[in-house]
Each structure stands twice: as C-alpha cells, then as structure tokens.
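See below for the structure under consideration.
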Amino acid sequence: MAKGSCRGLKICCGVTAIFLIIFAVIFTSLALTIFKPKDPKIIAHSFGLNNFESGNFTANVTLSLVITIENPNYGSFMFRNSTGYVNYHEDLVAEIPIDGCFVPSHSTVNIPTSGALMEDKLLENPYLLPDIMAGSLNFTSSAVIYGKVSVLKILKLHATAYISCDISIFVPSQDIESTCNSKFKL
C-alpha cells in the first residue's frame with residue numbers, strides 16, 4: 001500500500017470520527033432538551049351524573065366523564081384500552097373503561113367515558129351520610145395506561161402513563177370538580 005493512500009485513509013477515518021462525535025453531541029443535546037418527554041396534562045371533566053337526586057342513590061347511578069389529554073411532546077402516544085378505578089374513602093366504587101386512542105404530538109384529545117357507581121359499596125360506607133350532609137362527596141381515581149411513543153416516526157418506545165385524580169361532587173348543585181396528576185415513564 002502506498003504511503004499517500006495510507007495518509008488518505010487516516011484523514012477519511014478522522015473526518016468520519018469527528019462527524020460521528022458531532023452527530024452524537026447534537027443528538028444527545030436534542031434528546032435532553034427539546035425531545036425530553038414531558039408529563040401530559042390530563043383533566044377529567046364532568047359530563048354528567050345520572051340518577052343522582054339530592055343525595056339519594058337510585059339504581060344505576062352513572063358517572064359520565066370526558067377525559068382530556070394534552071400532549072406537549074414532540075412524540076405521539078398511542079395507547080390501548082384501559083380501566084380507571086374510582087374509590088370512595090378507599091373502597092372501590094366504580095370501574096371506568098378508557099378506550100384506546102392515538103394522541104398526536106402537540107395536540108389535545110377528548111375521550112368520553114362513563115361507569116356505573118356501585119351503590120351497595122357506597123351505601124355500606126360509614127362516611128356517605130356525613131359527606132352528603134356536608135354537601136360534597138370526595139372520590140379518588142387512578143389508572144395506568146400502557147402504550148407506545150413514536151418520535152418523528154423513527155423512534156418507537158414503550159411508555160406508561162400513571163394518572164391519579166381527586167374528584168369532588170357537590171351534592172346541592174351536582175357540580176363536579178377534579179384535579180388530576182399524571183406521570184409518564186418510558
């Protein structure tokens with residue numbers, strides 16, 4: 001091998017190595033800043049409370065919600081069907097189905113859902129009557145949603161969203177107020 005072609009090979013390898021280092025630095029800085037996953041904002045809005053009159057429970061009391069998912073990330077999120085669990089003073093009182101959905105990057109999606117409250121569990125709870133007399137029923141809900149994140153349609157990762165909400169139903173007005181927290185793990 002000639003001395004000149006050996007020198008050309010070294011220059012080519014050096015330029016390639018520098019290019020790969022620059023690419024790795026740019027990719028790492030983008031991954032740690034712009035493409036770093038942010039927790040989605042999730043809100044449960046009251047759509048209605050059916051068959052609930054002045055604190056009296058009748059058959060088939062249904063809690064209807066619209067779950068709003070705001071995705072602030074550069075990656076889209078596709079998740080499969082899941083179930084949310086509603087508790088009243090640590091007793092499970094409803095299971096709410098959450099239909100699978102595709103949430104595009106930088107967008108907001110509304111998912112309507114409803115679930116029947118287990119009246120027998122509520123009526124057995126010793127806190128029900130005092131809470132009705134006080135004017136509000138306080139529930140907690142939680143859900144774990146499994147899906148996939150797709151960044152620039154190139155990188156696909158398994159992801160899990162953990163959601164917990166505090167839901168207050170004000171008996172006289174039947175208004176519902178909720179505060180939700182969510183965590184997103186890749």
Side-chain angles (χ1 to χ4, degrees), residues 36-73 75-103 107-149 157-186:
K36 181 180 179 185
K38 299 169 191 77
D39 289 335
K41 183 176 181 183
I42 299 173
I43 303 168
H45 303 281
S46 166
F47 189 75
L49 190 63
N50 302 328
N51 297 327
F52 180 75
E53 299 172 10
S54 303
N56 295 322
F57 286 97
T58 61
N60 300 321
V61 175
T62 304
L63 177 63
S64 298
L65 301 170
V66 174
I67 299 170
T68 300
I69 301 174
E70 185 180 316
N71 182 4
N73 296 299
S76 60
F77 181 54
M78 182 172 214
F79 63 91
R80 53 184 179 241
N81 292 347
S82 186
T83 302
Y85 300 96
V86 179
N87 294 299
Y88 178 70
H89 291 279
E90 299 183 17
D91 289 338
L92 178 66
V93 294
E95 292 183 3
I96 309 275
I98 302 170
D99 292 334
C101 186
F102 175 75
V103 184
S107 66
T108 301
V109 173
N110 292 319
I111 303 168
T113 188
S114 64
L117 294 175
M118 299 174 202
E119 295 87 10
D120 56 335
K121 295 281 188 180
L122 280 170
L123 293 172
E124 291 171 3
N125 194 301
Y127 297 102
L128 181 65
L129 191 56
D131 286 351
I132 289 174
M133 299 306 281
S136 70
L137 302 173
N138 297 310
F139 296 89
T140 58
S141 68
S142 62
V144 178
I145 298 175
Y146 300 98
K148 288 187 179 180
V149 171
L157 304 167
H158 290 281
T160 305
Y162 300 92
I163 306 161
S164 64
C165 296
D166 293 323
I167 302 170
S168 296
I169 300 174
F170 300 101
V171 177
S173 63
Q174 294 187 16
D175 288 334
I176 298 178
E177 188 177 284
S178 69
T179 304
C180 297
N181 294 311
S182 60
K183 293 288 178 197
F184 197 70
K185 292 194 178 183
L186 293 175

Worksheet item: Would I145 and F77 count as a side chain to side chain contact (heavy atoms under 4.5 Å, CB included) if you check the C-alpha gap in whole Å, the side-chain angles of each, and the deciding distance to 0.1 Å?
Response: CA-CA 11 Å; I145 298 175; F77 181 54; 4.3 Å; yes

Worksheet item: Where do T113 and D99 land on the side chain to side chain contact (heavy atoms under 4.5 Å, CB included) test, with the steps shown first?
Response: CA-CA 8 Å; T113 188; D99 292 334; over 6 Å; no

Worksheet item: Does any non-hydrogen side-chain atom of D91 lie less than 4.5 Å from one of E124?
Response: no

Worksheet item: Within the side chain of D166, is there an N or O that forms a donor-acceptor pair under 3.5 Å with the backbone of T140?
Response: no

Worksheet entry | Heavy-atom pair with the smallest gap, counting every atom of G135 and P172 | O-CD, 3.5 Å

Worksheet item: Once you round to the nearest 0.5 Å, how far does CG of N87 lie from OG of S141?
Response: 8.5 Å

Worksheet entry | Donor-acceptor contact present, side-chain S82 to main-chain I98, <3.5 Å | no

Fill in: Rounded distance [0.5 Å steps], CG in L129 versus CG in L122
12.5 Å

Worksheet item: How far does CZ of F79 sit from CD1 of I69, to the nearest 0.5 angstrom?
Response: 4.0 Å

Item to complete: Quick one: closest heavy-atom pair of A94 and A116, and the distance?
Response: CB-O, 3.6 Å

Worksheet item: Which distance, rounded to the nearest 0.5 Å, do you find between the SG of C165 and the CD1 of I96?
Response: 11.0 Å

Worksheet item: Shortest non-hydrogen contact from C101 to I111?
Response: CB-CD1, 4.1 Å

Discussion item. Within the 4.5 Å heavy-atom criterion, are K121 and Y88 side-chain neighbours or not?
Written reply: no

Discussion item. Within the structure provided, determine whether Y85 and E95 are in side-chain contact (heavy-atom separation under 4.5 Å).
Written reply: yes

Discussion item. Among residues at least two apart in sequence or on other chains, which ones pass side chain to side chain donor-acceptor pair (under 3.5 Å) with N71?
Written reply: N73

Worksheet item: Nearest heavy-atom pair of H89 and D131: which atoms, and what distance?
Response: NE2-OD2, 2.9 Å

Item to complete: List in chain and number order the residues that pass side chain to side chain donor-acceptor pair (under 3.5 Å) with N110, two or more places apart in sequence or in another chain; answer none if no residue qualifies.
Response: T68

Discussion item. Distance check, rounded to the nearest 0.5 Å: N138 atom CG versus S168 atom OG?
Written reply: 4.0 Å

